Structures are given as C-alpha cells and as structure tokens.
> 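Can you read through this structure? Questions will come right after.
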Amino acid sequence: REYTAQSMTDKQIIFFNEVVSDYKILDKSIYNSYAYVKIPNTGLGNKILVWARAFVFSHINGIPLVTSSWSHIAWGAIVRNERKKRWYGGYFKQDNFLYRSVYYLRQYGFAKVTEPPVKKNSIIPKTVYEFSQMFTRRDLFYEIRPYRDLIINALFNLLQSRLQKKLYLLESPFIGIHIRRGDFKMGSIITPLSFFRDSIKWIRSILNKDCPVTVYTDASRKEIANILELGNVHLSKPKEHILDIIELSRSKILITSAGS
C-alpha cells in the first residue's frame, strides 16, 4: 500500500521505520531531532561550506546528520561549453535513498529551524535543523574554524574510496592561482588578468626567483594566454573538481579571484 507524506500518521511512520530497520537507520524514534543539509545548487566550494556548518552543528549537539543529493545539473556550464561541467555526482558517499526518504518523511509534523547558530543548543524534540544558505555572515568560517581538523577528517571520510586514494598523488603548488571565468562572465565581478600577471611578477621579484605557477581555471587556454606566456606557468592536470580544490588549498602562495 502506498502513502503520501501528508497522509502518513505517526503510527504508519513508526511501522515504516520498523520495516527498514535492517538498513541501520541511525535513529528509529520519530521523536528525535536531526540536522538536514539541503545542498544548494551552486559551486562545489559553497556546497562544502554549507555541509561543514551542518556537520559541526550535528556533531556538537549529538544529533543525526542527513544530507540531500550532492548532484545537480549545471545547465549554464553546459550551455557555455565550459572546460568543467560542474557535475559532482560520484564524489561523495551518499546516504542511501531509503535512509534519506525516511528522514524526508519525518519532517512532516516536525518543527523547522533554519540556519541555527553553530554552537551547543538546547535541542527541541521533533525538530529539523536545516542548513542551506551559503552566506550567513561576512566571515564565512568564524563558527566552524575551531573545528578545522574535525572537518578535514570528516570530508576525507565522505569522499569515495577511489578519490581518497588519489589524494596521495596530489601536488603542493608553490603559487596556486584560481582564475574564475565561466558564469562570472555573465554579470559577476571578473578579476582582470592583469591582476594575476602583476601578482606573479611581484612575488617573483620579492623572492628573486622564477617561482612555478599552477593555474586552476574554467577558462580556455586562449582566454588566459597572456598568463601562460609568462613562463614556468602551467595549467593544473585534469582531475575531479574536489581534488582541484584540495590541491589548490595546499599552495604555499594562493592568488584567488574576487567573489569566488
């Protein structure tokens, strides 16, 4: 027999929980609260930021964490024929569909608190604590900075095993540059290439050596030709986006695009 979420009573949901108990649902009582990550349809960095806030919140408050799908089709990247199509399916270990469905059904009849402060809270019974917003304050990391090591370990464990193995093959760039183009050409602030050229020249002059530069970008080689022509500058090797982010973070010197 089929039920809609709206028509299911507490008794029916309890029965449904018992049916799926073999899937080791973390919390079999419908009266317990949980944190829910509604992954936004944005770039990967912003997705991870939202997940990290929810993860820390669930950790310090001792409640389950449920995550929606990480996969969204980035139609803009496809239409613009960008080098990277921003498809993140298969990067992360995903809660199975049944697990997510049970918690999805539980939100009906539950209270909802959106974007709660990431700190120890008095958890309200039968409440969903939802995280979905990217920018809640100017300092995006102030709530989660003390939990940096915890987040790093959790993110590693969240990666699919094939990506975990590739982490050990990543480089540590001397100068890492992120040149954002793609959707930024459609109205967002575009950092001029002259900024990157001048930054490279200035750093090399200060250090008095021809420091190697690794470029991470969604632009074509033609678009950044006057950066590549500086010498000892190369594009990062093709790899999954999450590995690009991690490798870029290992740079000794990092030069970023405005607004990204």
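Hydrogens, waters and symmetry mates play no part in the numbers below; they use all other heavy atoms, side chains included. All values derive from a computational prediction rather than experimental measurement.
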> Taking it one step at a time, do D218 and R180 satisfy side-chain contact (heavy atoms from CB on, under 4.5 Å)?
CA-CA 6 Å; D218 52 4; R180 181 74 177 269; 3.9 Å; yes
> Test your reading of the model: is there a side-chain donor-acceptor pair from Q160 to the backbone of F92, 3.5 Å cut-off?
yes
> Of all heavy-atom pairs between T256 and F196, which one has the smallest distance, and what is that distance?
O-CE2, 3.8 Å
> Any salt bridge (Lys or Arg N to Asp or Glu O under 4.0 Å) pairs touching residues 245-259, not counting sequence neighbours?
K239-E247
> Nearest 0.5 angstrom please: N121 CG to I63 CD1, how far?
8.5 Å
> Counting only N and O atoms by type, is there a donor-acceptor contact under 3.5 Å from the side chain of N32 to the main-chain atoms of P125?
no
> Can you find a pair of side-chain heavy atoms, one from N61 and one from K120, that are under 4.5 Å apart?
yes
> Let me check something: any side-chain donor-acceptor pairs from residues 162-169 under 3.5 Å, sequence neighbours excluded? List them with distances.
unit_1, atom_1, unit_2, atom_2, d
R162, NH1, E240, OE2, 3.1
R162, NH2, G90, O, 3.0
Q164, NE2, F156, O, 2.7
Q164, NE2, L159, O, 3.2
K166, NZ, E240, OE2, 2.9

> Between CG of D198 and CG of L193, what distance do you get to the nearest 0.5 Å?
10.5 Å
> Can you tell me if K38 uses its side chain to pair, donor with acceptor, with the backbone of S68 under 3.5 Å?
no
> Any heavy-atom pair between the side chains of V50 and N46 that's under 4.5 Å?
no
> Could you pull out the closest heavy-atom pair between F57 and V118, with the gap in Å?
N-CG1, 3.9 Å
> Please check if the number of heavy atoms outside N153 that lie under 6.0 Å from its CG is greater than 12.
yes
> Keeping the roles fixed (side chain from T191, backbone from S257), state whether a donor-acceptor pair exists under 3.5 Å.
no
> For E223 and T217: C-alpha separation, side-chain torsions, deciding distance, then whether side-chain contact (heavy atoms from CB on, under 4.5 Å) applies.
CA-CA 10 Å; E223 289 180 280; T217 184; over 6 Å; no
> Measure across A52 and I144 and return the closest heavy-atom pair with its distance rounded to 0.1 Å.
CB-CD1, 4.0 Å
> Look at the side chain of R197 and the backbone N and O of N226, then say whether any donor-acceptor pair between them is shorter than 3.5 Å.
yes
> So which atom in S58 and which in P64 form the shortest heavy-atom distance, rounded to 0.1 Å?
CB-O, 4.2 Å
> Would you say that I48 contacts I151 through its side chain, given a criterion of any heavy-atom pair below 4.5 Å between the two side chains?
no
> Which atom pair, heavy atoms only, marks the closest approach of A54 to A35?
O-CB, 4.4 Å
> Under a 4.5 Å cut-off applied to non-hydrogen side-chain atoms, are S132 and E115 in contact?
yes
> Just how far is it from atom OG1 of T114 to atom CZ of F131, taken to the nearest 0.5 Å?
9.5 Å
> Angle between ring planes, Y36 versus Y34, binned at 30° and 60°: parallel, tilted or perpendicular?
perpendicular
> Look up atom CZ in R204 and atom CZ in F174, then write down how far apart they are to the nearest 0.5 Å.
10.5 Å
> Are V66 and V128 close enough that some pair of their side-chain heavy atoms sits under 4.5 Å apart?
no
> When rounded to the nearest 0.5 angstrom, what distance separates CD in Q94 from CG in L158?
8.5 Å
> Could you tell me whether a side-chain N or O of S33 sits under 3.5 Å from a main-chain N or O of I124, the two making a donor and an acceptor?
yes
> Is the shortest side-chain heavy-atom distance between I245 and Y216 below 4.5 Å?
no
> Quick one: does N232's side chain have a donor or acceptor within less than 3.5 Å of a partner on L230's backbone?
no
> How long is the span from the CG atom in L170 to the CD1 atom in I246, to the nearest 0.5 Å?
7.0 Å
> Linking I/L/V/M/F/W/Y whenever their side-chain heavy atoms sit closer than 4.5 Å, directly or via other members, would I152 and I242 fall into one cluster?
no
> Between Y91 and H241, does a side-chain contact (heavy atoms from CB on, under 4.5 Å) hold up when you go through it step by step?
CA-CA 9 Å; Y91 285 9; H241 299 199; 3.5 Å; yes
> Got a sec, which residues hit side chain to side chain donor-acceptor pair (under 3.5 Å) with H234, two or more places apart in sequence or on another chain?
T214
> Given I224 and L228, is the side-chain contact (heavy atoms from CB on, under 4.5 Å) satisfied, shown in steps?
CA-CA 7 Å; I224 59 170; L228 299 175; 4.2 Å; yes
> So which heavy atom on A154 is nearest to which on F55, and how close?
CB-CZ, 3.4 Å
> Under the 3.5 angstrom rule, does the side chain of S205 hit a backbone N or O of I203 as a donor-acceptor pair?
no
